[in-house]
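Below is one structure, written out as C-alpha cells, with a few remarks after it.
Since this is a predicted model, take the numbers as computed values, not measurements.
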Amino acid sequence: MTDLVTLAELGGPLAAIGGAAYARHAHPAAYWSTVGLPLSAARLLASYSSTMDACGLTVEPSRLRALAVRATTRREIRPVPPRRGVIRPNSTGLRVRLRLAPGQEPADVAASAERLRHAWGVHAVYVRDVKPGVVELWLVGYDVLRKVRMPRRIDSGLLRVPVALREDASAFVRDYRAVPHELVLGATLSGKSMYLRHLITSLAAQPVALVGIDCKRGVELAPFASRLSALATDPDEAAELLPVLVKEMEDRYDLIRARQGIAPGTPDEEITSDVWGLPDSERPVPTVLFVDEVAELFLVATRKDEERRDEMVTHLIRLAQLGRAAGIYLEVCGQRFGAELGKGATMLRAQLTGRVCHRVNDEASAKMALGDIAPEAVDATCSIAPELPGLAVVGDTSGGWSRIRTPYLSLADAAGTCRESAHLVPDVPALTPFRPYVLPVPVEASGAATVARPVTE
C-alpha cells in the first residue's frame with residue numbers, strides 16, 4: 001500500500017517533467033516562454049559574476065573601489081565583471097547590455113559566447129556592438145531556424161524587404177540600396193526558389209519594375225508574369241532583352257548628367273551622381289533583374305552560340321558594374337557559378353556584393369559563393385542538412401556571415417500576390433515589347449476562380 005501511495009505521489013511530477021520534455025521538442029517557443037526563460041534568467045542572475053570570472057572577462061577593481069571595500073568591509077578584493085544592465089526578455093530569448101571595463105573590447109566577449117551559452121542554458125549567445133564601451137548580449141533560447149516565425153515588427157521600405165530569419169531571431173532584410181547586386185546559389189530542392197519567391201512577392205507591392213530571365217522555359221518566373229515588366233524564357237530572348245536594359249541604363253546616365261549641368265546658384269543638394277538625387281518627378285523607376293539558372297546563359301554548342309554568350313555576359317557585367325547608380329539591381333541565381341562556366345564568369349561574380357549559399361552538392365560550389373569573402377563560412381554551408389530546405393549562409397564583402405532560413409511560401413500564394421499587385425507594374429516604354437502576356441483567370445460555374453498559368457507572348 002505504501003508503494004502505491006509513493007507511485008501516486010511521483011506520478012504528478014513525472015507527468016510534468018514528461019510534458020515539459022515534449023513541449024521543448026514539439027513547441028519550443030511555448031516551452032521557452034513558460035519554462036526556459038525563467039530558468040535561464042535565474043541562472044544568469046545567480047552565476048553572473050562567477051561565469052564572467054571563469055571566462056576571463058573580469059578586471060582588477062579601480063583603486064577608489066578597492067579603498068572603499070577595505071574601508072567599509074573586511075571582504076577580499078575580487079576582480080569585477082562588466083556592469084550588467086536590465087534583463088529584457090522576449091519570445092525567442094532575452095537581451096542584456098554590458099558596460100565593458102577599461103581595456104576590454106567586444107571581441108573578448110564574443111570569444112566567450114560558447115561558454116556563456118552552456119553556463120546559462122540557452123541555445124546560442126550573440127554579441128552586438130551598441131556603442132563604444134557597451135555591448136549587448138542576445139541570448140536565443142531555442143533553435144529558431146527549425147520552425148521559422150518571422151518577427152512581427154520589421155524595418156522595411158522601398159527596395160528594403162524582409163526575406164528570411166537569421167539564427168539570432170532577427171529578420172534578414174534584403175536592402176538593394178546597401179547591397180545592390182547579389183548571387184544566390186543552391187542545389188535542387190535546397191530552397192533557392194523559395195528565397196526568390198519571397199523577394200518577388202515583397203517587391204511586388206512596391207513601385208519597382210521587375211524583370212526576369214528564366215532560361216528553363218519560364219517554369220520558375222512565369223507564375224509571376226502578371227507583375228513582371230519583362231520576361232525572357234530562353235537564351236535568344238535574353239540576348240534581345242539585355243541590350244535593352246543596357247540602353248535604359250545609358251539613358252538614365254544621360255539624365256543624371258543633364259541634371260549635373262551646374263548653373264550659378266544651384267543648391268548643393270540638387271547636384272547628384274545617381275538617380276536617388278533626382279527629384280521625384282524625374283527619377284526613373286528602380287529596376288530589379290532576376291536571372292534564374294545563370295549557367296544556361298553561359299552554355300554554348302556552336303560558334304554562333306559562343307558569340308551570343310559573350311555578348312550577354314558583357315551586358316550582365318556592365319549592368320553589375322554601372323547599374324547601381326542608374327537604379328538597376330541584379331539578383332543572379334544558379335546551382336554552380338565559377339570560372340568553368342566560361343569567359344567573364346569570374347568578373348561577373350566579383351561585382352555581386354551579396355552572397356547567399358543554400359545547400360550545395362560539393363565544397364567547390366560553396367567556395368564559389370563564399371570562399372572569396374568569408375572562408376570560414378564554407379564549412380557552415382557544407383554542413384547544411386538536406387532535410388532543412390531554405391537554410392542558407394549569407395555573407396557580404398565585409399567578411400561577416402550568418403545562417404538564415406526562408407519561411408515556406410506556396411507557389412499559389414506567391415502567384416496570387418503578384419496578380420493582386422498587377423496594377424502596380426510601372427510604365428517603362430523600353431520594356432513594353434518584352435512584357436509577358438497573361439491569360440485571363442477563368443471563372444468556373446460554381447463561381448470559384450481557377451489560376452491560369454501565365455505564359456509569354
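Leu245 has its side chain within reach of Leu431: a pair of non-hydrogen atoms, C-beta onward, lies under 4.5 Å apart. Side-chain contact between Phe224 and Leu411 is present, with at least one heavy-atom pair separated by less than 4.5 Å. Taking 4.5 Å as the limit, every side-chain heavy atom of Ser170 sits out of range of all side-chain heavy atoms of Pro151. You'll find the side chain of Leu231 stays beyond 4.5 Å of the side chain of Phe290, heavy atoms only. Contact annotation: the side chain of Leu139 approaches that of Leu44 to within less than 4.5 Å [non-hydrogen atoms, C-beta and beyond]. In this structure, the side chains of Leu221 and Leu196 come closer than 4.5 Å at one or more pairs of heavy atoms. With a 4.5 Å cut-off on side-chain heavy atoms, Val140 and Glu167 do not count as touching. Considering only heavy atoms from C-beta on, Tyr176 comes within 4.5 Å of Leu199 through its side chain.
Proximity of a side-chain donor or acceptor of Arg97 to a complementary backbone N or O of Leu137 within less than 3.5 Å is not detected. A side-chain donor-acceptor contact under 3.5 Å links Gln206 to the backbone of Leu159. Looking only at distances, no side-chain donor or acceptor of Glu282 sits under 3.5 Å from a matching main-chain atom of Leu278. Between the side chain of Gln351 and the backbone N or O of Leu348, no donor-acceptor pair lies under 3.5 Å. Here the side chain of Asp292 pairs no donor or acceptor atom with the backbone of Cys333 at under 3.5 angstrom. Put simply, the side chain of Thr51 never gets that close to the backbone of Tyr48: no donor and acceptor are under 3.5 Å apart. When atom types are taken as modelled, the side chain of Thr201 and the backbone of His198 share a donor-acceptor pair closer than 3.5 angstrom. A donor-acceptor pair is defined here as one N or O able to donate and one able to accept, closer than 3.5 Å; no such pair exists between the side chain of Asp379 and the backbone of Glu376. No donor-acceptor pair under 3.5 Å is formed between the side chain of Glu331 and the backbone N or O of His181. Checking side-chain atoms of Tyr253 against main-chain N and O of Leu322 turns up a donor-acceptor pair under 3.5 Å.
Between Cys55 and Ser112, the closest heavy-atom pair is O-OG, 3.5 Å. When all heavy atoms of Gly93 and Leu37 are compared, the pair lying nearest together is O-CD1, 4.2 Å. Arg227 and Val208 get closest at one heavy-atom pair: NH2-O, 2.9 Å. Across all their heavy atoms, Leu98 and Arg84 have their closest contact at CD2-CA, 4.0 Å. Between Pro407 and Met150 the shortest heavy-atom distance is CG-CG, 4.0 Å. When all heavy atoms of Trp138 and Asp168 are compared, the pair lying nearest together is CE3-O, 3.6 Å.
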(request) Decide side-chain contact (heavy atoms from CB on, under 4.5 Å) for Leu391 and Arg359; before the verdict, give the C-alpha distance in whole Å, the side-chain angles of both, and the deciding distance to 0.1 Å. (result) CA-CA 7 Å; Leu391 186 64; Arg359 177 180 56 83; over 6 Å; no
(message) Before you tell me yes or no, could you show the steps for Val393 and Val378 under side-chain contact (heavy atoms from CB on, under 4.5 Å), namely the whole-Å CA-CA distance, both residues' side-chain angles and the distance that decides it to 0.1 Å?
(response) CA-CA 9 Å; Val393 175; Val378 174; over 6 Å; no
(message) Is there a side chain to side chain donor-acceptor pair (under 3.5 Å) between Arg403 and Thr381? Walk through the geometry before answering.
(response) CA-CA 9 Å; Arg403 294 179 181 87; Thr381 304; over 6 Å; no
(message) What verdict does the side-chain contact (heavy atoms from CB on, under 4.5 Å) test give for Leu228 and Val211, after you've listed the backbone C-alpha separation in whole Å, the side-chain angles of each residue and the deciding distance to 0.1 Å?
(response) CA-CA 6 Å; Leu228 298 181; Val211 180; over 6 Å; no
(message) Checking Thr58 against Asp53 for the side chain to side chain donor-acceptor pair (under 3.5 Å) test, could you report, in this order, the C-alpha distance in whole Å, the side-chain angles of both residues, the deciding distance, and whether it holds?
(response) CA-CA 5 Å; Thr58 57; Asp53 189 21; 3.2 Å; yes
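Between Phe298 and Phe337, the ring-plane angle classifies as perpendicular under the 30° and 60° cut-offs.
Judged by a 6.0 Å distance limit and a 45° cone about the ring axis, Arg43 is not positioned over the six-membered ring of Trp120.
Here the rule is side chain to side chain contact (heavy atoms under 4.5 Å, CB included) with Ile213, and of Asp234, Leu241, Thr233 only Leu241 fits it. Leu100 pairs with exactly one of Val109, Asp108, Leu57 by the side chain to side chain contact (heavy atoms under 4.5 Å, CB included) rule, that one being Val109. No option in Gln335, His358, Arg336 other than Arg336 meets the side chain to side chain donor-acceptor pair (under 3.5 Å) test with Ser365.
Looking at Arg128 and Glu136, no side-chain N of the basic residue comes within less than 4.0 Å of a carboxylate O on the acidic one, giving no salt bridge. Note on Arg197 versus Asp413: no salt bridge recorded, every NZ/NE/NH1/NH2 to OD/OE distance being 4.0 Å or above.
Rounding to the nearest 0.5 Å gives a distance of 6.0 Å between CZ of Arg177 and OH of Tyr329. Between the OG atom in Ser229 and the CG atom in Leu289 there is a gap of 11.5 Å [rounded to 0.5 Å]. Interatomic distance, CG of Leu242 versus CD of Glu237, reported as 11.5 Å (0.5 Å rounding). Here Asp175 contributes atom CG and Leu158 contributes atom CG; the two are 9.5 Å apart, rounded to the nearest 0.5 Å. How far SG of Cys215 is from CD of Glu293: 9.0 Å, rounded to the nearest 0.5 Å. With rounding to the nearest 0.5 angstrom, the CD1 atom of Ile200 is 10.5 Å from the CG atom of Leu409.
With no hydrogens or angles considered, no side-chain donor-acceptor pair links Ser91 and Arg152 at under 3.5 Å. Counted by atom type alone, Arg166 and Ser402 present one or more donor-acceptor pairs between their side chains at under 3.5 Å.
Other residues, nucleotides and ligands place no more than 12 heavy atoms under 6.0 Å from the NZ atom of Lys343. Dense packing is recorded around CZ of Arg252, with more than 12 heavy atoms of other residues, nucleotides or ligands lying under 6.0 Å away. Counting non-hydrogen atoms of neighbouring residues, nucleotides and ligands closer than 6.0 angstrom, the CZ atom of Arg88 exceeds 12 such neighbours.
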Listing, residues 182-190 side-chain donor-acceptor contacts under 3.5 Å, not counting sequence neighbours, or none:
| unit_1 | atom_1 | unit_2 | atom_2 | d |
| --- | --- | --- | --- | --- |
| Glu182 | OE1 | Arg174 | NE | 3.2 |
| Glu182 | OE1 | Tyr195 | OH | 2.9 |
| Glu182 | OE2 | Tyr195 | OH | 3.4 |
| Ser190 | OG | Ala187 | N | 3.3 |
| Ser190 | OG | Ala187 | O | 2.6 |

Using atom types as modelled, flag every donor-acceptor pair under 3.5 Å from a side chain in residues 310-319 to any protein atom, sequence neighbours excluded.
| unit_1 | atom_1 | unit_2 | atom_2 | d |
| --- | --- | --- | --- | --- |
| Thr314 | OG1 | Asp310 | O | 2.7 |
| Arg318 | NH1 | Glu250 | OE2 | 3.2 |
| Arg318 | NH2 | Glu250 | OE2 | 3.3 |

